[in-house]
Engineer: 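Below: one structure in structure tokens.
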Amino acid sequence: MKEAIIIDLNGLYVEPTLVADSVTGVFIIQQLKEYGEDEERPDEPEMMNVGYTVAYPVPPGLYKPKFDLMGYESAQADYKTELAAYTDALAQWDQDSGTNKPVPPAVVNGSDCWSEGLSQEEI
């Protein structure tokens, strides 16, 4: 088991949790929406997002870690695009042509998406 971090919808650290050693990435946390006594309940239960589990280590030295969700998702989308281009180039690459073999894109390092969530005044 290894430590992962639960963050809120703003990316701020909430608490640690344990995940399997093989788990890497960012995962949404959902729960059933609660309704008041006077609210009409739908036929199907409605789920709402309440946070994320981030299975990337937090760099040392941060007082209030904040995970850049938008930056991470953007980097993941760029990686998928680059991976598709690499796969196409690899399929067309001819070993006997003497040209260089296509280079695979670098995998997104989620640890780079952590930053300080407190301002200098708060620190």
Side-chain angles (χ1 to χ4, degrees):
M1 299 296 279
K2 70 178 183 180
E3 182 179 78
I5 304 300
I6 295 176
I7 61 172
D8 63 17
L9 295 175
N10 297 317
L12 291 171
Y13 177 97
V14 175
E15 65 184 358
T17 188
L18 292 177
V19 295
D21 288 335
S22 60
V23 174
T24 302
V26 178
F27 307 94
I28 190 80
I29 300 171
Q30 295 184 320
Q31 70 181 25
L32 285 172
K33 182 177 179 181
E34 296 179 14
Y35 298 93
E37 289 181 28
D38 57 342
E39 287 185 89
E40 186 176 329
R41 298 173 191 261
D43 293 336
E44 297 225 2
E46 186 178 341
M47 300 297 288
M48 55 188 273
N49 299 343
V50 294
Y52 296 86
T53 300
V54 179
Y56 291 113
V58 176
L62 298 178
Y63 293 96
K64 178 82 171 175
K66 182 176 183 177
F67 192 78
D68 180 7
L69 291 165
M70 292 179 61
Y72 175 77
E73 290 172 352
S74 175
Q76 284 289 85
D78 291 346
Y79 172 75
K80 287 179 183 178
T81 301
E82 292 171 12
L83 185 61
Y86 164 74
T87 304
D88 291 344
L90 193 60
Q92 296 174 7
W93 176 64
D94 180 12
Q95 282 182 297
D96 300 328
S97 70
T99 60
N100 292 337
K101 184 176 181 179
V103 178
V107 177
V108 175
N109 181 358
S111 291
D112 293 342
C113 295
W114 287 106
S115 64
E116 180 57 62
L118 295 177
S119 68
Q120 285 299 318
E121 294 80 30
E122 291 172 310
I123 293 173

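One-based numbering along the sequence shown.
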Engineer: Spell out, yes or no, whether I6 and I28 are grouped together once hydrophobic residues are joined by side-chain heavy atoms under 4.5 Å, including indirect joins.
Structural biologist: no
Engineer: Give me the atom names and distance for the closest heavy-atom approach of E116 to K64.
Structural biologist: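 Here E116 and K64 meet closest at OE2-N, 3.0 Å.
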Engineer: Would you kindly confirm whether Y35 and V50 end up in one hydrophobic cluster when ILVMFWY residues are joined by side chain heavy atoms under 4.5 Å apart?
Structural biologist: no
Engineer: Is it the case that atom CD in E122 sees more than 12 heavy atoms from other parts of the structure closer than 6.0 Å?
Structural biologist: yes
Engineer: V108 and Q76: which non-hydrogen atoms are nearest, and at how many Å?
Structural biologist: CG2-OE1, 3.0 Å
Engineer: W114 and P59: which non-hydrogen atoms are nearest, and at how many Å?
Structural biologist: CB-CD, 3.5 Å
Engineer: Report the residue from T53, L12, L69 that forms a side-chain contact (heavy atoms from CB on, under 4.5 Å) with I7.
Structural biologist: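 Of T53, L12, L69, side-chain contact (heavy atoms from CB on, under 4.5 Å) with I7 is met by L69 alone.
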Engineer: Measuring from Y63:OH to Y13:OH, what's the distance to the nearest 0.5 Å?
Structural biologist: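 The OH atom of Y13 is 16.0 Å from OH of Y63, to the nearest 0.5 Å.
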Engineer: Measuring from atom CD1 of I123 to atom CG of L118, what distance do you get when rounded to the nearest 0.5 angstrom?
Structural biologist: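 That separation rounds to 5.5 Å.
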Engineer: Is a side-chain N or O of D8 found less than 3.5 angstrom from the main chain of G51, in a donor-acceptor match?
Structural biologist: no
Engineer: Distance from I29 atom CD1 to M47 atom CE, nearest 0.5 Å?
Structural biologist: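 It is 11.5 Å, given to the nearest 0.5 Å.
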Engineer: Begin with the C-alpha distance, continue with both residues' side-chain angles, and end with the deciding distance and a verdict on side-chain contact (heavy atoms from CB on, under 4.5 Å) for V19 and F27.
Structural biologist: CA-CA 11 Å; V19 295; F27 307 94; over 6 Å; no
Engineer: Anything under 30° is parallel, anything over 60° is perpendicular, the rest tilted; go ahead and classify Y56 against F67.
Structural biologist: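 Rings of Y56 and F67: parallel, as their planes differ by under 30°.
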Engineer: Can you confirm whether more than 12 heavy atoms, excluding those of N100, are under 6.0 Å from its CG atom?
Structural biologist: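 No - once you tally the heavy atoms of other residues, nucleotides and ligands closer than 6.0 Å, there are 12 at most.
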Engineer: In the structure I gave you, are the side-chain heavy atoms of D68 and M70 within less than 4.5 Å of one another anywhere?
Structural biologist: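 Yes, their side chains come closer than 4.5 Å.
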Engineer: Distance from K66 atom NZ to C113 atom SG, nearest 0.5 Å?
Structural biologist: 12.5 Å
Engineer: Using modelled atom types only, decide if a donor and an acceptor are shared between the side chain of K2 and the backbone of V23 within a distance under 3.5 Å.
Structural biologist: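 Indeed, once roles are kept as given, a pair shorter than 3.5 Å links the two residues.
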Engineer: Would you say T87's side chain and L83's backbone share a donor-acceptor pair under 3.5 angstrom?
Structural biologist: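 Such a contact is found between T87 side chain and L83 backbone.
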Engineer: Just do the side-chain contact (heavy atoms from CB on, under 4.5 Å) check on Y86 and E82 with the steps written out, would you?
Structural biologist: CA-CA 6 Å; Y86 164 74; E82 292 171 12; over 6 Å; no
